[in-house]
Trainee: 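So that we are looking at the same thing, I have put the structure below in structure tokens.
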Amino acid sequence: MSDNPVVTLRNVDFNYGATPALKNVDCTVHDGDFVSIIGPNGGGKSTLLRLMLGLEKPQRGEVRLLGTSPRRSRLRVGYMPQHLQIDASFPMTVDDVVLMGRLSGPLPWGPYRASDRTAAADALSACDAIDLRDRPFASLSGGQRQRVLIARALACEPAVLMLDEPTASLDPAVQDEVYALLKRLNETMTVVIVSHDVSVVSQHVNRVFCVNIHVSEHCVTEIPDEISRLFYGPAGLRLVRHDHDHTHDHLHGADHCE
Amino acid sequence: MSEFVQAVIDHAFLRHALLAGVLAAVASGVVGTFVVTRRITVIAGSLAHTVLGGMGAAYWLRTVHGVTWLQPLHGAIVTALVAAVIIALVRTHWREREDTVISALWAVGMAAGVLFLFQTPGYKADLMTYLFGNLALVDVSDLRLLAVLDVLVLGGVLLYYHPLLAICYDEEFARLRGVNVTLATTLLLMLTALTIVTLIYVVGVVMVIALVTLPVSAAGVFARRLWQMMILAAALSAILVVSGLAVSYSADLPVGATTILLAAGVYVTVQIGAALFRRRRAGR
């Protein structure tokens with residue numbers, strides 16, 4: 001375990017108006033982790049990600065990102081929103097989308113620099129999407145859009161990637177490709193994703209936060225190889241031990257995995 | 001048509017009208033592209049109507065109180081900018097009330113304008129001009145002002161194209177890149193406000209919204225990138241304004257209304273054409 005956690009939440013409460021969204025959350029993301037935030041719809045998954053990014057302020061408790069407040073360190077985060085939030089009719093090429101990751105500052109002016117274009121091209125290459133660069137974003141398939149939005153996040157040259165539902169509405173084969181890409185990126189940076197799909201996520205990530213107003217951590221247990229191969233093919237399967245009490249107040253994201 | 005060309009050569013007022021129309025069209029095509037893609041046409045409509053308050057006040061001060069240097073356009077600029085800042089602040093800090101504030105500014109601006117104008121003798125012809133446009137009234141000092149507004153608007157877009165594009169496309173991502181969304185939104189709405197002022201002589205405050213949106217939406221069918229859409233929309237707007245002026249001159253019709261109907265015709269034709277084209281391609 002590293003001494004400098006990437007994200008820490010301490011005793012965090014967050015309400016939307018009078019409705020509590022998250023209660024008494026304690027959790028830590030360490031350097032190099034691949035964390036999946038799972039839980040039922042409306043349970044607060046996206047809210048947890050938004051708190052980590054400083055897009056929402058907790059009513060109680062403290063959020064720290066890369067050793068300081070999220071507002072200060074968010075330039076070092078590569079963020080990907082749910083792709084359905086993005087207006088597909090907007091006239092943008094893939095290049096235009098990825099170059100957005102090179103913006104920085106309150107009101108940047110003038111054209112992008114050559115170094116920005118290089119960084120955007122590198123990010124597209126890393127996501128196997130460089131041949132899409134001149135295509136209109138609207139003409140891409142779901143999987144291609146996800147790759148491009150991940151490339152935009154990478155163009156920020158981030159220390160941590162935070163992705164909201166990177167595999168939503170993709171068919172299983174394309175989901176696997178996206179996870180393989182994220183797994184590869186995880187070799188050099190911390191990755192935090194929100195996902196609705198426990199079974200798929202658990203093959204790839206090393207930690208799972210389960211969010212349903214409270215946040216608790218699950219162990220990711222390896223099934224013995226031969227059984228896994230027998231049932232699920234060479235990719236294998238890892239299960240999430242789902243043995244905690246969701247209604248209980250005192251389970252937080254403490255490391256109760258042995 | 002040749003009759004119109006001859007008239008333009010013969011009459012200075014037509015040349016002024018033509019130039020004013022083209023200046024307004026270019027600003028409108030460029031800024032209108034942000035307005036349409038960001039889906040803030042209602043804000044543009046509100047800014048346009050609010051402007052009547054400032055024009056009325058300036059007209060009243062000028063006629064009744066002898067503030068002769070004050071032009072109605074000056075009043076329009078100040079009001080439009082103030083309204084833009086108010087809407088930008090409400091939009092970024094009090095989103096749940098945005099709708100109400102936009103509607104309230106719309107009506108309050110109109111009401112103030114009407115009251116000021118009613119307090120001014122001989123207002124009727126001018127009220128009609130402000131509401132529905134009248135390019136024949138443009139003089140050299142107006143043209144100078146319009147040119148300055150065009151330079152400001154186009155310069156602003158050129159300089160801040162990327163952050164403006166970013167807040168229109170994905171505001172949250174822009175915020176996470178450190179972009180000051182309140183500041184960028186204020187800038188966008190101020191550019192929109194100034195553009196609307198340039199359009200007042202062309203179509204009047206009531207119809208501004210159509211000229212800001214229709215040519216842009218038609219251009220959107222052909223454009224793959226935002227700047228292409230801007231150039232296409234500016235060119236199309238200019239063609240529409242010039243055609244509107246020519247038709248209205250030949251047939252003795254009001255310019256504003258003529259231009260709007262031409263724009264609507266082009267918009268509908270382009271949309272139907274695009275739909276048919278898509279169907280044919282899909283059918284193959």
Trainee: Counting only heavy atoms not in R72(A) (residues, nucleotides, ligands), do more than 12 fall under 6.0 Å from its CZ?
Mentor: no
Trainee: Using the side-chain contact (heavy atoms from CB on, under 4.5 Å) rule, take V77(A) and L176(B) through it: C-alpha gap first, then chi angles, then the decisive distance, then the call.
Mentor: CA-CA 8 Å; V77(A) 176; L176(B) 289 171; over 6 Å; no
Trainee: Do you know which of W109(A), F90(A), F137(A) has the most heavy-atom pairs under 4.5 Å to chain B?
Mentor: F90(A)
Trainee: Taking all non-hydrogen atoms of both residues, which atom of P91(A) and which atom of A223(B) are closest, and how far apart?
Mentor: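 Closest heavy-atom pair between P91(A) and A223(B): CB-O, 4.1 Å.
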Trainee: What residue, out of L158(B), L165(B), L183(B), has the most heavy-atom pairs lying under 4.5 Å from chain A?
Mentor: L165(B)
Trainee: Tell me whether the count of non-hydrogen atoms from other residues, nucleotides or ligands lying under 6.0 Å of CG in D128(A) goes above 12.
Mentor: yes
Trainee: Sort R50(A) into side chain, backbone, both or neither according to what part of it lies under 4.5 angstrom from a heavy atom of chain B.
Mentor: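 Only the side chain of R50(A) comes within 4.5 Å of chain B.
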Trainee: Does atom CG of N41(A) have more than 12 heavy-atom neighbours from other groups under 6.0 Å away?
Mentor: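 At most 12 heavy atoms, drawn from other residues, nucleotides or ligands, come within 6.0 Å of this atom.
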Trainee: So which part of Y169(B) gets closer than 4.5 Å to some heavy atom of chain A, the side chain, the backbone, both or neither?
Mentor: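 Both backbone and side chain.
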Trainee: To the nearest 0.5 Å, how far apart are CZ in R102(A) and CZ in R177(B)?
Mentor: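 That separation rounds to 7.5 Å.
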Trainee: Let me confirm one number: the CZ-OG distance from R224(B) to S139(A), rounded to the nearest 0.5 Å.
Mentor: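 Result: 7.5 Å between the selected atoms.
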Trainee: Chain B heavy atoms under 4.5 Å from L107(A): which part of the residue, side chain, backbone, both or neither?
Mentor: both
Trainee: Heavy-atom pairs under 4.5 Å with chain B are the metric here; pick the option from G105(A), P111(A), P136(A) that has the most.
Mentor: G105(A)
Trainee: Surrounding CZ of R95(B) (heavy atoms of other residues, nucleotides or ligands, distance under 6.0 Å), is the total greater than 12?
Mentor: yes
Trainee: Counting heavy atoms not belonging to Y16(A), are there more than 12 under 6.0 Å from its OH?
Mentor: yes
Trainee: Minimum heavy-atom separation for G178(B) to L75(A), with atom names?
Mentor: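 The pair with the smallest heavy-atom distance is N-CD2, 3.9 Å.
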Trainee: For the CD1 atom of I86(A) and the CD atom of E172(B), what is their distance to the nearest 0.5 Å?
Mentor: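 Between atom CD1 of I86(A) and atom CD of E172(B) there are 10.0 Å.
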Trainee: Check H162(B) against G110(A) and note the closest heavy-atom contact, atom names and distance.
Mentor: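 Heavy atoms only, the tightest pair is CD2-O, 3.4 Å.
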Trainee: A quick test of your reading: do over 12 heavy atoms of other residues, nucleotides or ligands sit less than 6.0 Å from CZ of R135(A)?
Mentor: yes
Trainee: Is the CZ atom of R76(A) crowded by more than 12 outside heavy atoms at less than 6.0 Å?
Mentor: no
Trainee: Quick one: of P81(A), C156(A), P70(A), who has the most non-hydrogen atom pairs under 4.5 Å with chain B?
Mentor: C156(A)
Trainee: Evaluate whether atom CZ of R97(B) has more than 12 neighbouring non-hydrogen atoms of other residues, nucleotides or ligands under 6.0 angstrom away.
Mentor: no
Trainee: Closest heavy-atom contact between D170(B) and R152(A)?
Mentor: OD2-NH2, 2.8 Å
